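Here is the structure we will look at, set down as structure tokens.
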Amino acid sequence: MAVVSRCSRAATAATTANATTAPTFAYLIRSLSPFSSSSSTFDPQNDLNNRNKPAVLGTLKRESKGRNVQWVFLGCPGVGKGTYASRLSNLLGVPHISTGDLVRDELASSGPLSSQLKEIVTQGKLVSDEIIIDLLSKRLEAGEAKGESGFILDGFPRTVRQAEILEGVTDIDLVINLKLREEALLAKCLGRRICSECGGNYNVACIDIKAENGRPGMYMAPLPPPPQCASKLITRPDDTEEVVKQRLRIYQAMTRPVEDFYRIRGKLLEFDLPGGIPESWPKLLCALNLEDREDKQSAAA
Ligand code: AMP
């Protein structure tokens, strides 16, 4: 009952905001609603050792919600959302849904939106909320038809309006806000390479920031492709210096406020990446109380 009334409120709000977008939002609402459940609340008494962690982390292992996780990754372009979302998706057995990938797939399909999207993406701008929600809801609906449950979203929401729509139709359990020193972000975007065949993500940048003025140094080794991908690497058209700087500006203006949106709801987990994958992955698992999951997975492999 609560779910139904939440959905209809979201639908009404969307309809009021823009009558032409109503069918699109209805599609998202229909796709998301089966995942809905009660929201998590922060309980400091039960979380004395994890003062900076959202309370929901304490309940993850018990899987008390009876469904798979519904997580979001936030963070600047180049921070590594895709890398860590994909690793967690393998570990937890939930789909990793990147709206950037959905946009790139649509671009590659030469469909009706293709030329419009190409212009927006190559300028580093954001696609309209309506288009992105339409792509996301189609992806969710296709996943649901295949029996998928739960998700790790990467690249969505990117505006407060997107966050409000998502919050209106389902419960996001946790939002992981990845943070990396600014000097590393540009280098990581410029070093990013993608295998045109398998879609694998690699990085040729070697980031070696020396300790200075009391700030520790940071080393991030390149992430080389396996031999079968080495000759098929491409660079994303929006990973040029000018466009990356524009994407970083847009992040500050449009997406930074989304952090506050989740912070005030007690759902934001801040995670400062200490370095590359070897240093960061174990610490991320520890922050998520998931160390034993990986131990079990390695033992079973
Ligand atoms: P990403 O791979 O996440 O960096 O996304 C690549 C591009 O896709 C972005 O620069 C935007 O143009 C578009 N895009 C991806 N997700 C969204 C979103 N949630 N809202 C608007 N535009 C998006």
Side-chain angles (χ1 to χ4, degrees), residues 14 17-18 21 24-25 28 31-32 71-86 89 95-109 111 113-140 151-170 172 175-178 180 185-186 188-196 199-203 234-259 261-262:
N18 182 346
T21 61
T24 310
F25 293 134
L28 175 72
S31 302
L32 286 169
W71 289 358
V72 163
F73 265 92
L74 279 184
C76 288
V79 76
K81 297 186 292 296
T83 302
Y84 294 102
S86 153
S89 142
H96 163 208
I97 302 180
S98 150
T99 45
D101 284 348
L102 298 180
V103 168
R104 282 181 286 277
D105 289 348
E106 185 66 28
L107 257 170
S109 76
L113 288 176
S114 192
S115 58
Q116 190 190 343
L117 288 179
K118 187 171 179 191
E119 205 179 315
I120 297 169
V121 173
T122 50
Q123 289 176 20
K125 295 182 180 162
L126 291 188
V127 172
S128 72
D129 291 342
E130 288 69 31
I131 291 178
I132 213 79
I133 284 168
D134 187 43
L135 293 176
L136 177 60
S137 52
K138 284 178 179 151
R139 167 64 187 82
L140 286 166
F151 48 74
I152 299 179
L153 293 180
D154 151 15
F156 186 95
R158 246 176 165 106
T159 63
V160 169
R161 183 164 175 247
Q162 290 177 9
E164 283 167 352
I165 291 167
L166 189 61
E167 197 72 4
V169 295
T170 195
I172 294 302
V175 178
I176 304 160
N177 189 24
L178 291 185
L180 184 63
L185 290 171
L186 181 62
K188 278 200 65 209
C189 283
L190 298 182
R192 177 158 45 198
R193 299 290 181 275
I194 296 166
C195 174
S196 55
N201 256 273
Y202 309 103
N203 211 297
I234 53 166
T235 306
R236 274 171 49 170
D238 56 345
D239 273 343
T240 64
E241 184 165 347
E242 190 191 340
V243 180
V244 171
K245 286 183 174 164
Q246 164 76 343
R247 286 161 57 207
L248 288 169
R249 279 193 294 270
I250 289 181
Y251 187 88
Q252 296 301 343
M254 306 297 291
T255 314
R256 195 65 83 190
V258 178
E259 296 176 9
F261 179 91
Y262 287 117

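All figures in this text were calculated on a predicted structure; none of them were measured in a lab. First listed ligand is number 1; within each ligand, the first listed atom is number 1.
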### Message
Please check this pair: side chain of D154 against backbone of H96, looking for a donor-acceptor N/O pair closer than 3.5 Å.
### Response
no
### Task
May I ask you to check whether over 12 heavy atoms, not counting those of Q252, lie within 6.0 Å of atom CD?
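Yes, CD of Q252 has more than 12 neighbouring heavy atoms, counting only those of other groups under 6.0 Å.
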### Task
Can you sort out the partners of R249 under salt bridge (Lys or Arg N to Asp or Glu O under 4.0 Å), two or more places apart, ordered by chain and number?
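Once residues adjacent in sequence are excluded, R249 has no partner under the salt bridge (Lys or Arg N to Asp or Glu O under 4.0 Å) criterion.
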### Non-neighbouring partners of K245 that pass salt bridge (Lys or Arg N to Asp or Glu O under 4.0 Å), sequence neighbours left out
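Partners of K245 under the salt bridge (Lys or Arg N to Asp or Glu O under 4.0 Å) test: E241.
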### Query
Mind checking whether I176 and Y262 have side chains closer than 4.5 Å, heavy atoms only?
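No, their side chains stay 4.5 Å or more apart.
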Sequence neighbours excluded and cut-off under 3.5 Å, please list the side-chain donor-acceptor pairs for residues 75-86, or say none.
| unit_1 | atom_1 | unit_2 | atom_2 | d |
| --- | --- | --- | --- | --- |
| K81 | NZ | G75 | O | 2.8 |
| K81 | NZ | C76 | O | 3.4 |

Put together the list of close N/O pairs, under 3.5 Å, between ligand 1 and the protein, could you?
| unit_1 | atom_1 | unit_2 | atom_2 | d |
| --- | --- | --- | --- | --- |
| ligand 1 | 2 (O) | R104 | NH1 | 3.0 |
| ligand 1 | 2 (O) | R104 | NH2 | 2.9 |
| ligand 1 | 2 (O) | R236 | NH1 | 3.2 |
| ligand 1 | 2 (O) | R236 | NH2 | 3.4 |
| ligand 1 | 3 (O) | R158 | NH1 | 3.0 |
| ligand 1 | 3 (O) | R158 | NH2 | 3.1 |
| ligand 1 | 4 (O) | R158 | NH2 | 3.2 |
| ligand 1 | 4 (O) | R236 | NH2 | 3.1 |
| ligand 1 | 12 (O) | K125 | O | 2.6 |
| ligand 1 | 16 (N) | T99 | OG1 | 2.9 |
| ligand 1 | 16 (N) | G155 | O | 3.4 |
| ligand 1 | 16 (N) | R158 | NH1 | 3.0 |
| ligand 1 | 19 (N) | G155 | O | 2.8 |
| ligand 1 | 19 (N) | Q162 | OE1 | 3.0 |
| ligand 1 | 20 (N) | Q162 | NE2 | 3.0 |
| ligand 1 | 22 (N) | V127 | N | 3.1 |

